[in-house]
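Here is the structure we will look at.
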Amino acid sequence: MTHYLNYINGEWQESASNRKYQSINPANTSEIVGEVENSVAAEVDKAASYSQQAYLSWKKLAGAERGQYLYKTADILESRLEDIAETMTREMGKTLPEAKGETARGVALLRYYAGEGMREEGDVIPSTDAAALMLTKRVPLGVVGVITPWNFPVAIPIWKMAPALIYGNTVVFKPALEASVTAAKVIECFDEAGLPSGVINMVNGEGAEIGQRIVDNPQINGITFTGSDKTGKIVGQGALNRGAKYQLEMGGKNPVIVTKDADIDLAVEATISGGLRSTGQKCTATSRVIIDESIYSTFKEKLLEKVAKITVGNGLHPETWMGPSVSDKQLNTVLDYIEIGKNEGATLIHGGNRLTDNELDQGYFVEPTIFENVTTDMRIAQEEIFGPVLALMKVKDLGEALTIANDVEFGLSASIFTTNIQNMLDFIDDMEAGLVRINAESAGVELQAPFGGMKKSSSHSREQGQAAKEFYTNTKTVFIKG
Ligand code: ADP
């Protein structure tokens, strides 16, 4: 079994706590994937203090020089892609092809942000004083705290840490314990690339202790968080109280609308892919399917036929299409919501059970699950489940579909399947979501485009692409007169 220490000031260090966390395989709970430190809050303070010292020289480097470190990290991650992807599958359950795709995305993210080191960092603005030069300059925040979830254990840490670093910040990183071995392997790549000591630090441990200390540590000037809505509120409020900059990406309750003129086969494919891949454990996963009544039964039949063929199992097996829920806790949440749906009066038309045959009882497997006769006031239509559960809703027209689609507190991502241009335009205008996708699944994200939600899904900032610069820098307005 591999054991990973904390990474502080360029050294792998044991926690003073003497506590370890064992990360287990959700497809086979008797397998321990690895062990990490279960640290104490003082270790965050230590990491932040080294990170603050490292910041003073890291910010002085040219962006192009910082970029070289990211290019090197990308090459190392690429050379270890197979091993890291396999670790990801063992540790959090997604299928191996998905894990490889995610790791490759990590490589692409590093290269994208490496190039950012040579792009513009401000604007020249004409002064009313003709003899003066006025300009803006982007400057780093200082030490940035990075708190991440388990569902994308390579991509999310990298889409936060790479922009933080390229714009001149240093990092204290706390991954989710459920994916901490994968995260440690990512940090090994940065270490091997030779980043100066203290520029990147990782402290493993519980959210309430280590995450909370990142929120509260006065040396940490910016906090970027992806996770649940409940924790996001705690992080945002803590950061606001002490004047730290913060960015939150939280849940979704993402709809797909299927209009009467849709390509039904395409819509079925995308609903399955967007809703059930990664066992529904994506914040952009489709969870509500809002279908025009005139095509409802055709869509439902085709959907049921395809869902019946889904193979559930260990993500390392080539025939597996859908892996397990990440943990006992997550599995129970999914099973609880299935009960809630039944009690609320929704009709279960597929799945609904834990899977235990053929050794699946060794892991946290649940059937792909579909409800119909779901109404918008039901909890299964309002609350994020983070599991392979789809709620079908029948509507009269696009107007009603959009009203229902918007009738949730979240606003991350949404899709429509239609061939009608006016429907597309109405959807773009009226859908309250940060990502609106036409004839494409709700869960697609491209690293060079802004990513983030409306309403309760985010703190209204955006990640990835050029948008990342907004969070990871401050703007200084400079006025110069000779
Ligand atoms: P999930 O339900 O996906 O585990 P969480 O929001 O609980 O989502 O976790 C996301 C990240 O936030 C994890 O790294 C977790 O350890 C961390 N976290 C949990 N509680 C806190 C907290 N009070 N302060 C800061 N971070 C926290």
Side-chain angles (χ1 to χ4, degrees), residues 6 15 19 21 23-24 26 36-41 43-45 47-48 91-94 144-161 171-184 186-187 201-217 220 222-242 244 246-253 278-285 287 324-334 336-337 364 383-387 410 412 453 456-459 463:
N6 289 331
S15 165
R19 294 179 306 205
Y21 172 85
S23 187
I24 54 135
V36 298
E37 298 297 300
N38 192 344
S39 314
V40 289
E43 278 140 6
V44 172
D45 298 344
E91 193 173 30
M92 55 69 67
K94 73 172 63 172
V144 170
V146 172
I147 304 174
T148 58
W150 44 262
N151 63 336
F152 287 94
V154 170
I156 295 180
I158 292 180
W159 85 48
K160 293 178 183 297
M161 295 192 293
V171 166
V172 176
F173 169 42
K174 190 214 94 66
L177 280 171
E178 295 89 333
S180 47
V181 174
T182 310
V186 172
I187 294 299
N201 304 274
M202 177 186 68
V203 182
N204 268 307
E206 303 288 344
E209 186 162 3
I210 303 308
Q212 190 64 51
R213 189 57 194 158
I214 288 181
V215 174
D216 296 336
N217 182 297
I220 298 180
I223 299 151
T224 175
F225 166 88
T226 300
S228 65
D229 157 52
K230 185 168 143 254
T231 307
K233 271 196 201 123
I234 299 172
V235 171
Q237 277 162 359
L240 185 66
N241 285 343
R242 65 175 184 83
Y246 65 93
Q247 173 184 62
L248 314 171
E249 282 304 332
M250 299 167 288
K253 191 70 191 168
S278 285
T279 323
Q281 299 175 127
K282 297 181 184 176
C283 47
T284 53
S287 62
S325 291
V326 72
S327 61
D328 196 22
K329 183 174 146 232
Q330 196 61 41
L331 174 72
N332 286 324
T333 302
V334 173
D336 284 351
Y337 272 110
Y364 305 127
E383 297 172 20
E384 185 175 50
I385 300 174
F386 233 57
F410 295 104
L412 184 52
K456 209 168 125 182
S457 289
S458 94
S459 55
E463 297 193 88

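Count residues from 1 along the sequence. Just so you know, ligand 1 is whichever comes first in the structure, and atom 1 is the first atom listed for that ligand. Both backbone and side-chain heavy atoms feed into the values below; hydrogens, waters and symmetry mates do not.
Across all their heavy atoms, Pro26 and Ser325 have their closest contact at CB-O, 3.3 Å. Nearest heavy-atom pair, Asn204 versus Pro175, reported as atom, atom and distance to 0.1 Å: OD1-CG, 3.3 Å.
Of the protein's non-hydrogen atoms, Ile147 CG2, 3.7 Å is the one closest to atom 17 (C) of ligand 1. The protein heavy-atom contact nearest to atom 18 (N) of ligand 1 is Gly207 CA, 3.3 Å. At the top of the distance list for atom 24 (N) of ligand 1, counting protein heavy atoms only, stands Gln212 N, 3.4 Å. Of the protein's non-hydrogen atoms, Thr231 CG2, 3.4 Å is the one closest to atom 20 (N) of ligand 1. Summary of contacts: the protein heavy atom closest to atom 16 (O) of ligand 1 is Lys174 NZ, 2.8 Å. If you check which protein heavy atom lies closest to atom 3 (O) of ligand 1, you get Trp150 NE1, 3.4 Å. Shortest contact from atom 8 (O) of ligand 1 to any protein heavy atom: Ser228 N, 3.5 Å.
Of all the atoms in ligand 1, the ones that sit under 4.0 Å from a non-hydrogen atom of Val235 are 25 (C). Counting atoms of ligand 1 from 1 in the listed order, those under 4.0 Å from a heavy atom of Phe225 are 6 (O), 10 (C), 11 (C), 12 (O). Heavy-atom contacts of Ala176 reach the following atoms of ligand 1: 14 (O) (cutoff under 4.0 Å). Here is the list of ligand 1 atoms found below 4.0 Å of a heavy atom in Thr148: 11 (C), 13 (C), 14 (O).
Remark: ligand 1 and Glu206 share no N or O pair separated by less than 3.5 Å (distance only, no angle test). Inclusion of Glu178 in the set of residues having an N or O under 3.5 Å from an N or O of ligand 1 is not warranted. Ligand 1 has no N or O atom lying under 3.5 Å from any N or O atom of Lys329, backbone or side chain.
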**OP:** Before giving the answer on side chain to side chain contact (heavy atoms under 4.5 Å, CB included), spell out for Lys253 and Ile385 the whole-Å C-alpha distance, their side-chain angles and the decisive distance to 0.1 Å.
**Re:** CA-CA 8 Å; Lys253 191 70 191 168; Ile385 300 174; 4.0 Å; yes

Subject >> Audit row: Ser287, Glu384, side chain to side chain contact (heavy atoms under 4.5 Å, CB included) steps and yes/no >> reply: CA-CA 8 Å; Ser287 62; Glu384 185 175 50; over 6 Å; no

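Geometrically, Lys94 engages Phe152 in a cation-pi contact defined by less than 6.0 Å to the ring centre and at most 45° from the axis.
Judged by distance alone, the side chain of Glu91 and the main-chain N or O of Ser23 form no donor-acceptor pair under 3.5 Å. Under the 3.5 Å distance criterion, the side-chain polar atoms of Lys174 are left unmatched by any main-chain donor or acceptor of Val203.
Remark: the Glu178 side chain and the Ser327 side chain contain no N/O donor-acceptor pair separated by less than 3.5 Å.
Between Arg242 and Asp216 there is no salt bridge, since no side-chain nitrogen of the basic residue lies less than 4.0 Å from a carboxylate oxygen of the acidic one. Between Glu209 and Arg19, at least one side-chain nitrogen of the basic residue sits less than 4.0 Å from a carboxylate oxygen of the acidic one, meeting the salt-bridge criterion.
Residue-level proximity to ligand 1 for Phe386 is absent, since no heavy atom of it falls below 4.0 angstrom.
Distances from atom 26 (N) of ligand 1 to the heavy atoms of Gly227, Gly211, Ser327 put Gly211 nearest.
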